[in-house]
Amino acid sequence: MLLALGVAITSSPGWPNVKELFFSWEHAKGVFPDVLDGFWLNVRLFLICEVVILVLGLLVALARVARSPWLAPVRVLAVVYTDLLRGIPTLLLVLMLGFGMPALGLQGVPISGTFWAGVALVLSYSAYVAEVFRAGIDSVHPSQVASAQALGLSRPQALRFVVVPQAVRRVVPPLLNDFVSLQKDTALVSAVAVFDAVFAARDYAAYNFNYTPYVVVAAFFVVLTVPLARFTDWLQRRWLARERAGQL
Amino acid sequence: MSALLEVRGLRKAYGDRLVLDSVDLDVHAHDVVCLIGSSGSGKSTLLRCLDLLEDVDDGTITLGGVEISDPLVDPREVRKRVGMVFQAYNLFPHLSVLDNCTLAPRRVHGDSKAAAEERALGLLDQFGLAEHARKHPDRLSGGQQQRVALVRALCTGPDLLLLDEITAALDPELVGEVLTIVRDLAAAGTTMVLATHEMAFARDVATKVCFLHQGRILEQGPPDQLFTDPREDRTRQFLARVLPA
């Protein structure tokens, strides 16, 4: 199949052109240092955003499962937050915050496009991650809460010591899946002129009329995401095996 | 002597379905009260009401002279004094046996880690579970898990223990090891209310047996009287079905 596809592509009439435009060894070598520099920004952005997203996502999920009547406004806020931020395409959030917030000219508000593009990623992804956490929390059987309460634990204590630890364990594979996705979406920050790998590639491509840099960046992302994807699969298999130990 | 636990006119409905109706029950210190009756007769609901896991619709529950069915009473204060064990064990699968047992003493009663562990290990040892203290519950057999659940309930030193059909989910050969413990607890003077299908056990251990039918305590009395000479026809019919001829 792959071979047939390869033959079909390389025997197409436009292949020599495409080969020169996208797969030029010269240009690949030329752009490599710039892309490497830019990619370091993508990696840092990903690492910082991931931590903030985990914390914020869990807080939003906890707000959504809160029961006390006086927390009702917080609950409503959490619902609006997830609905709204999952509804807006991430690219638009990056554009609006990346260009809009610095333009406000407010004292004490960072004017860095990178910062606000990162905030946009955090807002968008924490809404998704909150739903993943909430699904995990809902999947813990109510009898666990009943038995925690029978021991005298308050509801927050039952969440803290009984429900959330079990929920987090269950949602690690879907969370890792979201983070594979986040790694790629750090490329969206290039839309607000942040000098990441994609921006560096576009810069080079526009200057040299050659698209090889895009292929180079794609290779960088693949090298970063594939190990995490493999790790996710491995973890999922291991937990399935453990849960089904001794059963068919 | 006034009762440790007094239930008067307890009523509980799920929607239109009345599951408990004018239930009166006295439990004195060192009593072992067995609730018997067919499935759906209200045994479990009664126990859950006593632990305030269900809101009651009417009637009063008094524990140690304090009306705990009052909505202003903090259920946590009640549950500090009452232990409960469930049919499905409900151990916390992510915690070791020892951590299951020390969670409430540490987080609810404010005991130090060392004190809580010392007490838990003592009780685990007493019930033949010392070697399993560091394992996770899913490594244990059903009978062992239910014994751990009993120890977990005992670790806070409750005045009253509620046991909800704790042998119903067990393989027949594992029932004995759990009932032996309950027997030992009864002999040691632990106050218990238990829902059970084990009639022979109820006859041996109970100080009082209550027969529930359609949400009412139809008949209650000492086991000798209730099992050999029941007053009510319903009780007789039930016993005829569950007791070997």
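Chain letters run A, B, ... following the sequence lines, proteins first and then strands; every chain starts at 1.
- Of all non-hydrogen atoms in B:Pro93 and A:Gln166, the two that sit nearest each other are CG-OE1, 3.4 Å.
- Surrounding CZ of B:Arg8 are more than 12 heavy atoms belonging to other residues, nucleotides or ligands, all under 6.0 Å away.
- Crowding of B:Asp55 atom CG: a count of heavy atoms from other residues, nucleotides or ligands under 6.0 Å not exceeding 12.
- Between the side chain of B:His94 and the main chain of A:Ala167, no donor-acceptor pair closer than 3.5 Å is present.
- Of the options B:Met84, B:His109, B:Arg152, a side chain to side chain contact (heavy atoms under 4.5 Å, CB included) to A:Leu151 is made by B:Arg152 and by none of the others.
- By the 6.0 Å contact criterion, CD1 on A:Ile111 is open, its count of non-hydrogen atoms from other residues, nucleotides or ligands being 12 or less.
- The heavy-atom pair separating B:Phe92 from A:Ser147 by the smallest distance is CE2-OG, 3.3 Å.
- Only the backbone of B:Val82 comes within contact range of chain A, with heavy atoms under 4.5 Å apart.
- By the 6.0 Å contact criterion, CD on B:Glu67 is enclosed, its count of non-hydrogen atoms from other residues, nucleotides or ligands being greater than 12.
- In this structure, CZ in B:Arg107 is found 11.5 Å from OG in A:Ser154, a value given to the nearest 0.5 Å.
- Both the backbone and the side chain of B:Asn90 come within less than 4.5 Å of a heavy atom in chain A.
- Contact count against chain A (heavy-atom pairs under 4.5 Å) is highest for B:Leu91 among B:Leu91, B:Leu95, B:Leu52.
- Summarising the local packing, CZ of A:Phe161 is surrounded by more than 12 heavy atoms from other residues, nucleotides or ligands at distances under 6.0 Å.
- Proximity to chain B is limited to the side chain of A:Gln157, based on heavy atoms less than 4.5 angstrom apart.
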